[in-house]
Number of protein chains: 2
Amino acid sequence: MGNKTQELKNILDTNNYKLTSQRDLILQILADNEGEHLSAEEIYNIVKQRDSGIGLATVYRTLELFGELGIVQQLNFDDNCRRYELEENNNEHHHHLICIDCGAVIEFNDQILEEFETDLEKKYDFLVTEHSIKFYGYCENC
Amino acid sequence: MGNKTQELKNILDTNNYKLTSQRDLILQILADNEGEHLSAEEIYNIVKQRDSGIGLATVYRTLELFGELGIVQQLNFDDNCRRYELEENNNEHHHHLICIDCGAVIEFNDQILEEFETDLEKKYDFLVTEHSIKFYGYCENC
DNA sequence: AAATAGAACGAAAATGATTATCACTACCTA
DNA sequence: TAGGTAGTGATAATCATTTTCGTTCTATTT
């Protein structure tokens with residue numbers, strides 16, 4: 001049992017879920033494509049090459065589960081589908097520059113928030129026309 | 001012709017679009033509900049009370065048009081539907097805190113980026129578990 | 001190793017927001 | 001007033017995602 005697989009099994013065990021070949025395979029695909037931001041459909045197509053019997057619903061279910069378990073992060077680039085990437089173990093978050101013309105996604109690290117806007121425009125030669133910042137968590141009522 | 005209506009007509013004229021009663025009404029509804037983040041469906045339901053003959057497709061078309069013209073801002077709170085709010089005339093942007101439990105949306109102003117994370121947690125009594133920052137614009141290839 | 005209960009699966013139908021189609025209407029211009 | 005075109009309403013189509021349901025697999029206990 002590979003290193004990644006064992007780690008997955010531990011997480012699943014801890015949360016009373018079972019290790020299946022499908023879950024293992026999907027994790028491998030995500031690991032093999034680190035840096036990509038794959039959609040469920042794209043993952044499905046890659047996964048099918050190795051296990052033609054897998055169902056699209058399983059891919060969705062697994063990605064949803066991985067999201068809950070903190071294994072993957074769900075991204076929304078406003079292109080009509082959710083995208084997924086492995087959550088990093090270190091606590092260095094990274095954010096995304098999304099080109100509204102060609103759809104290119106450029107990653108950059110957290111750094112000092114104050115420098116973001118102006119510096120990043122130079123650094124990536126990216127003309128910012130709009131940005132949004134989201135925080136997720138719990139409000140005072142929850 | 002009301003103030004808002006005249007302003008709308010000017011923008012539409014400039015861009016070779018026509019002022020229609022539907023467009024005028026939808027603008028009014030948005031203005032009457034400032035601070036809300038309405039979905040197309042919600043807007044449709046409100047609009048229907050004043051003009052029962054209006055079609056849902058028209059609401060979508062109008063909101064899309066308003067988006068292109070910079071009249072409304074399209075928001076994505078990851079709740080499976082696009083939401084809309086009037087673009088502010090001053091250039092004070094505001095961002096959103098979204099509660100993943102109750103769905104509450106709390107607005108806050110731009111201010112100094114460096115203070116964001118820590119200060120906002122205190123200010124709104126909001127426990128941040130996750131955040132994402134998006135910039136929209138044009139990359140070097142575009 | 002067989003038995004078993006419940007988790008997980010695959011195929012396909014259902015859902016739900018959004019978009020496209022198309023015939024009809026309203027408005028502007030000649 | 002007639003003609004052309006933008007805009008509209010109803011409805012069908014799309015497409016990502018979710019749900020359903022009968023079957024298969026996993027882990028655990030005999």
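A note on names: the letters A, B, ... follow the listed sequences, proteins ahead of strands, and every chain is numbered from 1.
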Rounded to whole Å, please give me the gap between [atom1] in [X] and [atom2] in [N].
| X | N | atom1 | atom2 | result |
| --- | --- | --- | --- | --- |
| A/Leu19 | C/dA7 | CG | C1' | 13 Å |
| B/Asp24 | C/dA26 | CG | P | 17 Å |
| B/Ile26 | D/dT8 | CD1 | C1' | 11 Å |
| B/Gln74 | C/dA17 | CD | P | 16 Å |
| B/Asn15 | D/dG7 | CG | P | 11 Å |
| B/Phe66 | D/dG7 | CZ | P | 11 Å |
| A/Asn16 | C/dG6 | CG | P | 14 Å |
| A/Leu65 | C/dA7 | CG | C1' | 12 Å |

message = With a 3.5 Å distance limit and no angle check, can you tell me whether A/Arg23 reaches the backbone of A/Lys18 through a side-chain donor-acceptor pair?
response = yes
ask   = Okay, side chain of A/Glu42, backbone of A/Ser39: is any donor-acceptor separation there less than 3.5 Å?
value = yes
Pair B/Asn45-B/Glu41, side-chain donor/acceptor within less than 3.5 Å = no
When you check the phosphate oxygens OP1 and OP2 of [N], does a side-chain N or O of [X] lie under 4.0 Å from one of them?
| X | N | result |
| --- | --- | --- |
| B/Thr58 | D/dG9 | yes |
| B/Gln22 | D/dG9 | yes |
| A/Thr20 | C/dC9 | yes |

message = As an exercise, state the distance from CG of A/Leu65 to CD1 of A/Ile71, rounded to the nearest 0.5 Å.
response = 6.5 Å
query = With a 4.0 Å cut-off, would you call B/Asp32 and B/Arg50 a salt bridge?
reply = yes
query = Is B/Glu36 salt-bridged to B/Arg83, going by a charged N under 4.0 Å from an acidic O?
reply = no
ask   = What nucleic acid atoms does A/Lys18 come within less than 4.0 Å of, heavy atoms only: base, sugar-phosphate, or nothing?
value = base
request  = Answer yes or no: does atom CG of B/Asn15 have more than 12 heavy-atom neighbours from other residues, nucleotides or ligands under 6.0 Å?
outcome  = yes
Filtered N/O pairs between nucleotides 13-20 of chain D and protein, under 3.5 Å:
from, atom 1, to, atom 2, distance (Å)
D/dT17, OP1, A/Arg82, N, 2.7
D/dT17, OP2, A/Tyr60, OH, 2.6
D/dT20, O4, A/Arg61, NH1, 3.4

